[in-house]
Amino acid sequence: MLIFMILTSVSLAIADKNDIFVSKGRSWIADENFTEIIKSSFASSRCCNVFLTDWTEDSSAVFDQFKNVYPYDYLLETSMHECRGYFFLGSSDDDIIESIKKTPLLQWDMEILIVVNKNISSDSCLFNNSAYGIANINIVSISGMWKLSENYVRPRVFTKIDSYEGMQIKDVTINFQNKELQVCSISSPPMTYLNHTIQKTIDGIEADVYTMDDELDWDGVEMKLFLIIAEKLNFTWTIRKPEGNYTYGQRINDTYWMGGLIQMMREQKIDMAFASIWLTLDQYKFVSLSESWYQIYIHFLVPRPHRTTSFWALSRPFSEEIWYLLLSALLLHCLYTYVRAWIDPKFPRQYRNFLIVLTDLIGYLLSSSVPKTARKRTNKLQILLWQTAGWLIITAYSSSLAARLASSEYESRIDTLEQFSKANLQWGLGKELPPFDDYFDMTNPLSMKLRGRFHYIKNYTQLEQLIRRGNYAILGKVMDDSFVPMDYLANDDLKNYRLMRQPVGQFYATFAVQPWLLKPVDEIILRLRETGIIIGHLRDVIRRRDSYNLREVTVEHDRYDGSIQVLGLMPLGAGFILLFVGSLIASLTFYLELRHAAEATSVQNLLRNISKKHGLDQSRTTHDFG
Ligand SMILES: *[C@@H]1O[C@H](CO)[C@@H](O)[C@H](O)[C@H]1NC(C)=O
Ligand SMILES: *[C@@H]1O[C@H](CO)[C@@H](O)[C@H](O)[C@H]1NC(C)=O
Ligand SMILES: *[C@@H]1O[C@H](CO)[C@@H](O)[C@H](O)[C@H]1NC(C)=O
Ligand SMILES: *[C@@H]1O[C@H](CO)[C@@H](O)[C@H](O)[C@H]1NC(C)=O
Ligand SMILES: *[C@@H]1O[C@H](CO)[C@@H](O)[C@H](O)[C@H]1NC(C)=O
Ligand SMILES: *[C@@H]1O[C@H](CO)[C@@H](O)[C@H](O)[C@H]1NC(C)=O
Ligand SMILES: *[C@@H]1O[C@H](CO)[C@@H](O)[C@H](O)[C@H]1NC(C)=O
Ligand SMILES: *[C@@H]1O[C@H](CO)[C@@H](O)[C@H](O)[C@H]1NC(C)=O
């Protein structure tokens, strides 16, 4: 007796040290089979929420087995959202289904294993799949095991399987078996060219559905890609228009998105959406976006530079620095000559007058006057060098001037944001107000200014008016070297536009899909990308659809075109004005000199005297006033 009691208490003490839920019975599932069940059911989750509905011997035994086999951490009777694995264990199907209904938000990536310790019949409430949402479900019972069909084919059904390996989520090519998917899109050339909608009732709600009876409706880059995806995944589709007034909708706060196809995605009204959807963080937080199929740059079309004729054309052969240098060389030389004339007694006396020095030196520089007196004097070498420099400068000036005047002059091009900003251009869009951070690189302070120049375009008439006014830039995207405007534009509107070289932004184009479609769609897009099929379709659509003027926007027209210009008055204007002002000053000086000489008598008398004298001294050379 004593030995027996001691043995009993020792064994109890050992049991106490162990887990409190140790059971005496054996589980009805073989250990190796249970390992297989766990492996197949929790293929991707790395922790588990465990819910036991009762503590019968069977349940405890299976739970013990779970503790031994499950390789990761688990939580008991509490649900942690980050844990995507769920294990429900019990002996009553009603209790289990109650427990499942309490679990919040059954998501597509949840892996749920239900083990029932009894035989369940085919009319059990466990097979009512309305409780499971879009989660993955495996049910194991004594009478058999079932798997809920993949979450992308509706309606989902339970199928009986005969090996535990069949529980695994299959990684084979998805086949929708001609099921109809709901898709959302809009007309957005060159992505899609959808046009007509009709009213149709889908799930009891009126919806605008695009008719696909025109060949044109099947055109577009993204439409072609979508058709390939549909064919590969074997589904049929209905393309709907976004509900309400928004195309994509707007982010209100971190948890709420208002309107547009993003909201429809979130409400699971649609399975897929496309039409220039951008891979942005804002949208990515709300819906699943596929791999991008292309990188698109945002550019402006800006007005072409106009031809100009400048009044100051004559000054253009030399840069400002050269003009300043010439002027300072002249003044320095004048100063030197002037000072030397005062110091050096052998130096010509006439140079003691600064004005005479100045005019003479200009004369030498332009090689237009070489008085004999200069040659004999001590400044011979100085004048020779001065004249040589003058000859070089004038040759350079004349040849450059000739080349410039013969070709046309244009305003400078607008190619950077800085020039865009200086030109004071406006821009606009006819769609909902753009999220500026998506369109432009907001780290660039010049991009910030673009916000202030935005115009909301109400209708095409207004757009035409803005284009006619001239200081309007057209926003568009560049795909494979072709420009596509964001708004509809007639061919003629683009005649005076060229592409601004610097892109103002860029984005990646994607498809928005429900999470369970992400993997297969990604795979197809990556394949299409690596085989070049995407580029092929892109070029094909753009080649067929681009208008003549859209191809022209990358061609510059402000270059020398080979024709010779006839010189007008304007480019020579500065020269004529110089002549006019010079003559005016000379005449005025002459008149004042006469007045001075005449003193008491009138100017006319003086002139008469001069002409008399002139008659007497015909042999003498006349003095040149000029
Ligand atoms: C399935 O469950 C839902 C609600 O839980 C219930 O409305 C529906 O009648 C059930 N269907 C069947 C076939 O029992
Ligand atoms: C459960 O089903 C098995 C066969 O599937 C059968 O042998 C067993 O007797 C059943 N047990 C009960 C309690 O119905
Ligand atoms: C359970 O495991 C045994 C031994 O590995 C195996 O023969 C049997 O087929 C398994 N049962 C099921 C239903 O897979
Ligand atoms: C697409 O699904 C239908 C219906 O299940 C089937 O008949 C057809 O063979 C499938 N096509 C492909 C290519 O798998
Ligand atoms: C839509 O179709 C109408 C009539 O077929 C046509 O006149 C119109 O240009 C089309 N719109 C677009 C954007 O293609
Ligand atoms: C769409 O805009 C119209 C007019 O601005 C407005 O009456 C209507 O309520 C808007 N619809 C929605 C769903 O916001
Ligand atoms: C987000 O906006 C919605 C609707 O305006 C509001 O109901 C919700 O409380 C907001 N959430 C947060 C976190 O601000
Ligand atoms: C277009 O908009 C302008 C100004 O916003 C307005 O004056 C004009 O009536 C509109 N035209 C049409 C056809 O709606």
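Because the structure is predicted, anything quoted here is derived from the model rather than measured. Along the sequence shown, residues carry numbers from 1. When a ligand or atom number is given, it counts from 1 through the structure's own listing order.
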Begin with the C-alpha distance, continue with both residues' side-chain angles, and end with the deciding distance and a verdict on salt bridge (charged side-chain N to carboxylate O under 4.0 Å, His left out) for Arg498 and Glu556.
-> CA-CA 7 Å; Arg498 59 176 282 278; Glu556 307 290 2; 2.6 Å; yes

Could you tell me if the ring centre of Tyr460 sits under 6.0 Å from that of Tyr488?
-> yes

Measure up the Phe440 and Trp427 rings against each other and bin them: parallel (under 30°), tilted (30 to 60°), perpendicular (over 60°).
-> perpendicular

If you count the atoms of ligand 8 from 1 in the order shown, which ones are under 4.0 Å from a heavy atom of Asn459?
-> 1 (C), 2 (O), 3 (C), 8 (C), 10 (C), 11 (N), 12 (C), 14 (O)

Has Arg304 got its NZ or CZ under 6.0 Å from the middle of the six-membered ring of Tyr497, at an angle within 45 degrees of the ring axis?
-> no

Sub-2.5 Å SG contact, Cys83 and Cys48 | no

Can a donor-acceptor pair be found between the side chains of Asn128 and Ser130 at a distance below 3.5 Å?
-> yes

Which ligand 8 atoms does Lys458 reach within 4.0 Å, using its non-hydrogen atoms?
-> 5 (O)

What does the list of residues with a heavy atom under 4.0 Å from ligand 7 look like, ordered by chain and number?
-> Asn253, Thr255, Tyr256

Thr201 side chain to Glu206 side chain, donor-acceptor N/O pair below 3.5 angstrom = yes

Going by the atom numbers of ligand 4, which of them fall below 4.0 Å from some non-hydrogen atom of Asn234?
-> 1 (C), 2 (O), 3 (C), 8 (C), 10 (C), 11 (N), 12 (C), 14 (O)

